[in-house]
**Student:** 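Could you have a look at this structure, given as structure tokens, before my questions?
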Amino acid sequence: MPNIALELGKQSASFGVKSAYGEQQDVDGIRVIPVAITWSGFGGGSDEAGNGGGGGGGYAIPLGAYVRRGDDLRFEPNIVSFVAVAIPFVWVAGRAISRVIRVLKK
């Protein structure tokens, strides 16, 4: 059985920028390059009898896209993704700040 860690390393070498920035698309003279936050994880193992296995997974959150119209290049955010990330962040930050204030009052 081939070394799982080496195989996963070879396959994941092209992740990184290729997974964060999508392929350029041209639509009616407008050039669009999608952007996302991505992360992935892999694992593997075997026992003394040579039985082994491995797996992995990944996740991506679409942030928006770089849009070029003529000479104008701008980033257009995906508002739904920002709201989906911001709501839990604001909730956790609010709870943390309220607990810090509560401790400082004592």
Side-chain angles (χ1 to χ4, degrees):
M1 184 167 155
N3 190 338
I4 294 173
L6 292 175
E7 291 297 320
L8 287 174
K10 289 177 188 175
Q11 292 176 3
S12 66
S14 67
F15 284 177
V17 173
K18 286 185 179 179
S19 64
Y21 295 97
E23 292 293 322
Q24 172 181 305
Q25 303 292 320
D26 293 320
V27 180
D28 294 331
I30 299 172
R31 189 169 286 176
V32 179
I33 301 172
V35 180
I37 291 177
T38 63
W39 63 92
S40 59
F42 300 97
S46 63
D47 61 10
E48 293 176 3
N51 300 317
Y59 197 74
I61 298 175
L63 293 180
Y66 284 106
V67 178
R68 179 180 293 265
R69 291 182 181 98
D71 290 337
D72 183 35
L73 175 67
R74 72 176 45 185
F75 179 77
E76 295 186 7
N78 180 348
I79 302 300
V80 173
S81 291
F82 283 128
V83 169
V85 170
I87 289 173
F89 177 76
V90 169
W91 184 80
V92 169
R95 292 228 0 153
I97 290 171
S98 70
R99 288 182 183 201
V100 167
I101 291 171
R102 189 177 309 140
V103 168
L104 291 175
K105 281 185 175 180
K106 290 183 180 183

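Everything quoted here is computed from the prediction, not taken from an experiment.
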**Student:** State, to 0.1 Å, how close A36 and P62 come at their nearest heavy-atom pair, and which atoms those are.
**Tutor:** CB-CA, 4.0 Å

**Student:** So which atom in L63 and which in F75 form the shortest heavy-atom distance, rounded to 0.1 Å?
**Tutor:** O-CZ, 3.8 Å

**Student:** How far does CD1 of I97 sit from CG of L104, to the nearest 0.5 angstrom?
**Tutor:** 11.5 Å

**Student:** Taking the side chain from S81 and the backbone from I61, do they hold a donor-acceptor pair closer than 3.5 Å?
**Tutor:** no

**Student:** Closest approach of R68 and D71, non-hydrogen atoms and distance?
**Tutor:** NH1-O, 4.4 Å

**Student:** Looking at every non-hydrogen atom in both residues, tell me the closest pair between T38 and A60 and how far apart they are.
**Tutor:** CG2-CB, 3.8 Å

**Student:** Count I, L, V, M, F, W, Y as connected when their side-chain heavy atoms are under 4.5 Å apart, and connections chain through other members. Are L73 and V67 then in the same cluster?
**Tutor:** no

**Student:** Does F82 share a hydrophobic cluster with W91, counting links as ILVMFWY side-chain heavy atoms below 4.5 Å and allowing steps through other members?
**Tutor:** no

